[in-house]
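Structure, as structure tokens:
In what follows, chains carry the letters A, B, and so on, assigned in the order in which the sequence lines appear, proteins first and then strands, with residues in each chain numbered from 1. The basis for the numbers below is simple: all heavy atoms, side chains too, and nothing from hydrogens, waters or symmetry mates. Keep in mind that this is a model prediction, so the values were computed, not measured.
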2 protein chains.
Amino acid sequence: MSTSTDTLNIPGLRMTKQRKEVYRVLTETRDHPTAADVYDRVKLSTPGISLATVYNCLETLVEHKAVKQVNFERESSRYCPNLNEHGHFHDEITGTIHDIKFKDGIKLSDFLDIPEDTHITNLDITLRGILPKN
Amino acid sequence: MSTSTDTLNIPGLRMTKQRKEVYRVLTETRDHPTAADVYDRVKLSTPGISLATVYNCLETLVEHKAVKQVNFERESSRYCPNLNEHGHFHDEITGTIHDIKFKDGIKLSDFLDIPEDTHITNLDITLRGILPKN
DNA sequence: AGCCTTATTTAGAATAATTCTAAGTCTTAA
DNA sequence: TTAAGACTTAGAATTATTCTAAATAAGGCT
Ligand SMILES: [Mn+2]
Ligand SMILES: [Mn+2]
Ligand SMILES: [Zn+2]
Ligand SMILES: [Zn+2]
């Protein structure tokens, strides 16, 4: 919940102003913004940045596993700085997206029928729905 | 596993040749084809069909819950005639996509931390990985 | 500091999946 | 039969994203 003030550092990468700002925007408000959202926010502090650079920075951050890319259906990709394994819930009333934790100690094979020893490299769980007592 | 010979019938919809053929192609080979794949296959029996019509038919079938639309990351949508609730596994070696059953009697809240009484309208689970002894 | 090499950024063009538009065709129900 | 509406079609448009090529910035080294 608290904002880390550590500077992002990825070995072999130049921590340019643009990369730092894109990353800062993602950690500052964890609302799963799209690239266009990030662009709008970064422009406030870095007016000269281009949308291409925002896409480049996001791609770099994703490649280096500093953030996650999250897709809902065929909408624009969204970006998430939560590196813990988690799913996403899209609230149909408010439009907000919430991180969903997996129950502690649960294994994929506890709820999915997958062959023994399958090596899972990626797992995406996304839900849409309506929260109670809304 | 057996192919049903029942004709698809959706109340209020005209079962045109195009819709029947698109649906037949989807049930005939359950390999999760893209719209372009479906187009190629339907053209064999219905050479005059247009890609727009394939998209229209797929959209109609999805809207009426006769088939499911499945998305992997930002790839082209794929289509699946399996109406049981299931997830998808994308085999990174062969590129094939497999349906994944949920374990019997499992509830979402058994493995996900969601507020009580949340009304889930949609659930997407997709995995990528490598099968054993490949 | 000045110079060189390479990474990064940038604007704009290109791409690709999908959706839209408008016109033609088919179905169905009086 | 005929009119209304449903459906299909070709091609244009849209939109998120990626690509291209030129400009700039960052480091490393002297
Ligand atoms: Mn996210
Ligand atoms: Mn599928
Ligand atoms: Zn998240
Ligand atoms: Zn399926």
Distance alone, cut at 3.5 Å: any donor-acceptor contact between the side chains of A/N82 and A/R30? no

Could you state the CD-P distance from A/E63 to D/dT18, rounded to the nearest angstrom? 10 Å

Starting at atom CG of A/L58, determine the distance to atom C1' of C/dT9, rounded to an integer number of angstrom. 14 Å

State yes or no: are the ring centers of A/H90 and A/H88 separated by less than 6.0 Å? no

Per-nucleotide protein contact string for nucleotides 17-30 of chain C, where B marks a base within reach and S marks sugar-phosphate only (heavy atoms under 4.0 Å, - for neither): SBBB-----BB---

Reckon B/T53 has a side-chain N or O less than 4.0 Å from the OP1 or OP2 of D/dT8? no

Can you measure A/I49 atom CD1 to D/dA25 atom P for me and round it to whole angstrom units? 14 Å

For B/H32 and B/D37, does a side-chain donor sit closer than 3.5 Å to a side-chain acceptor? no

A/I10 CD1 to D/dA26 C1', in whole Å, measures 17 Å

Side chains of A/S45 and A/E21: any donor to acceptor distance under 3.5 Å? yes

Rounding to an integer number of Å, can you tell me how far B/M15 CE sits from D/dC7 P? 9 Å

Flag if over 12 foreign heavy atoms under 6.0 Å of NZ, B/K101: no

A/R19 CZ to C/dT10 P: how many Å, rounded? 11 Å

Separation of C/dA16 atom P from B/Y39 atom OH, nearest Å, is 17 Å

Closest to the side chain of A/Q18, out of D/dT8, C/dT10, C/dT8, is C/dT10

Between A/A66 and A/Y23, which heavy-atom pair has the shortest distance, and what is it? O-CE1, 3.9 Å

Between B/E73 (CD) and D/dA16 (C1'), how many Å, whole number? 15 Å

